[in-house]
Novice: 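Can you read through this structure? Questions will come right after.
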2 protein chains.
Amino acid sequence: MPTPERTTLPAIVASARELLERRGPAGVTMQAVAERVGVRAPSLYKRVRDRDELLRLVAENAASDLSRRFAATDGSVTELAHAYRAFARANPMSFRLLLDSESAGAFRDVADPILEATRSLDAARVVTAWATGFLTMELAGAFRLGGDLDEAYAYGLDTIVAGLRRPV
Amino acid sequence: MPTPERTTLPAIVASARELLERRGPAGVTMQAVAERVGVRAPSLYKRVRDRDELLRLVAENAASDLSRRFAATDGSVTELAHAYRAFARANPMSFRLLLDSESAGAFRDVADPILEATRSLDAARVVTAWATGFLTMELAGAFRLGGDLDEAYAYGLDTIVAGLRRPV
DNA sequence: ACCTGAACACCGTTCAAGT
DNA sequence: ACCTGAACACCGTTCAAGT
């Protein structure tokens with residue numbers, strides 16, 4: 001006699017992501033996720049292999065959000081860079097999760113549009129690395145020497161674009 | 001009647017850091033650390049408040065290693081950047097730990113020498129952000145489109161230095 | 001003064017038993 | 001076919017009792 005499904009995989013992933021943002025990685029317990037979707041922890045294992053897979057799904061979910069933000073820009077490096085920062089500030093924990101090696105696959109979604117804008121693998125890597133590092137440091141509170149971070153971000157982007165245009 | 005000390009704080013921190021590099025953050029359990037220093041887990045709490053503090057001490061320890069590598073260079077941006085990368089590749093888990101917000105204080109040791117080399121807060125931030133992002137992506141395996149990463153790193157550094165020299 | 005076993009609360013995960 | 005309670009192994013942490 002079949003039992004009606006009391007939750008869904010998307011609901012589980014959404015709950016996990018909310019918990020990640022609200023309470024950090026340690027707050028994403030199977031029990032907390034289960035409670036949020038109205039089920040007991042063991043039931044989650046019908047939809048995900050284990051907690052690691054759940055976190056990978058959360059990373060994928062975040063990556064697709066970021067892709068959507070990218071798609072809403074004009075495709076220029078400037079707008080892509082600012083969309084990247086807006087995403088990181090709105091979803092700091094998800095951003096950090098994307099940087100973990102386990103979720104490295106999700107990085108492709110980030111790199112692709114920038115590669116299209118710069119039309120050069122080397123150039124795309126410089127821009128992506130700089131923006132990723134800047135946001136990592138900003139979120140970690142590493143920019144404590146003051147100054148306007150909005151301006152610092154724009155300045156960095158200008159610097160790199162200028163450098164990429166240098167004579168070879 | 002005093003009992004002889006069976007371990008020391010430096011030994012505990014060193015064991016924790018070895019475990020971090022060998023088995024990742026989840027491998028740094030109080031029990032595993034205790035076993036390595038020849039003591040039972042509860043005894044660790046005589047030297048550290050809790051696991052979080054232990055990880056903070058590990059981050060400090062790694063930061064001072066990095067400072068030593070910086071001090072062994074000629075102080076130029078080029079050598080600093082390569083020392084930074086050598087450290088990250090030799091201590092990938094420690095490097096990642098340094099990027100956590102809880103350890104953000106340790107970042108100062110990294111930023112200071114670069115600030116001295118560039119003599120500009122903005123310039124130091126661009127270089128540090130780019131290098132940090134590059135290494136994060138390299139360690140996460142995000143550079144899967146091939147190419148020589150040594151060359152890519154040198155190219156990125158050239159690009160940024162050139163950009164910093166642009167006319168304002 | 002440091003070390004320990006025992007205990008507690010809390011994890012992730014498995015599984016037999018329910019519907 | 002999905003859900004659950006019970007159980008297991010394993011955490012971090014506390015603490016009274018040992019020396």
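Numbered from 1 within each chain, the chains take letters A, B, ... in sequence-line order.
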Novice: Show me the donor-acceptor pairs, under 3.5 Å and distance only, between side chains in residues 127-134 of chain B and residues at least two apart or in other chains.
Specialist:
| unit_1 | atom_1 | unit_2 | atom_2 | d |
| --- | --- | --- | --- | --- |
| T128(B) | OG1 | A124(B) | O | 2.7 |
| T132(B) | OG1 | Y84(B) | OH | 2.8 |
| T132(B) | OG1 | T128(B) | O | 2.7 |

Novice: Taking CD from E5(B) and C1' from dA1(C), how many angstroms apart are they, rounded to a whole number?
Specialist: 9 Å
Novice: Given a 3.5 Å cut-off on both pairing distances, which stems involving DNA chain D, each at least three consecutive Watson-Crick or G-U pairs, are present, if any?
Specialist: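 In DNA chain D, stems of three or more pairs: C:4-8 with D:12-16, C:12-16 with D:4-8.
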Novice: So, OP1 or OP2 of dC3(C): does either fall under 4.0 Å of a side-chain N or O from R47(B)?
Specialist: yes
Novice: Among all residues two or more places apart in sequence or in another chain, which pass the side chain to side chain donor-acceptor pair (under 3.5 Å) test with R89(B)?
Specialist: E138(B)
Novice: Which residue pairs satisfy the side-chain hydrogen bond (donor to acceptor under 3.5 Å, both in side chains) criterion with at least one member in residues 116-126 of chain A, sequence neighbours excluded?
Specialist: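 Listed by first then second residue: nothing to list.
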Novice: Does S64(A) have any side-chain contact (heavy atoms from CB on, under 4.5 Å) partners at least two apart in sequence or in another chain, and if so, which?
Specialist: R68(A)
Novice: When hydrophobic residues are tied together by side-chain contacts of less than 4.5 Å, even through go-betweens, does L149(A) share a cluster with L157(A)?
Specialist: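 L149(A) clusters together with L157(A).
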Novice: Looking at side-chain heavy atoms only, is the closest gap between V77(A) and I160(A) below 4.5 Å?
Specialist: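 No. Closest side-chain heavy atoms not under 4.5 Å.
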Novice: Within a radius of less than 6.0 Å around CD of E35(B), do more than 12 heavy atoms belonging to other residues, nucleotides or ligands occur?
Specialist: no
Novice: Do R17(A) and L57(A) have side chains that approach each other closer than 4.5 Å (heavy atoms only, starting at C-beta)?
Specialist: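 Counting from C-beta outward, R17(A) and L57(A) never come under 4.5 Å.
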Novice: What does nucleotides 4-17 of chain C look like as a protein-contact string, B for base, S for sugar-phosphate only, - for none, at under 4.0 angstrom between heavy atoms?
Specialist: BBB----SSBBB--
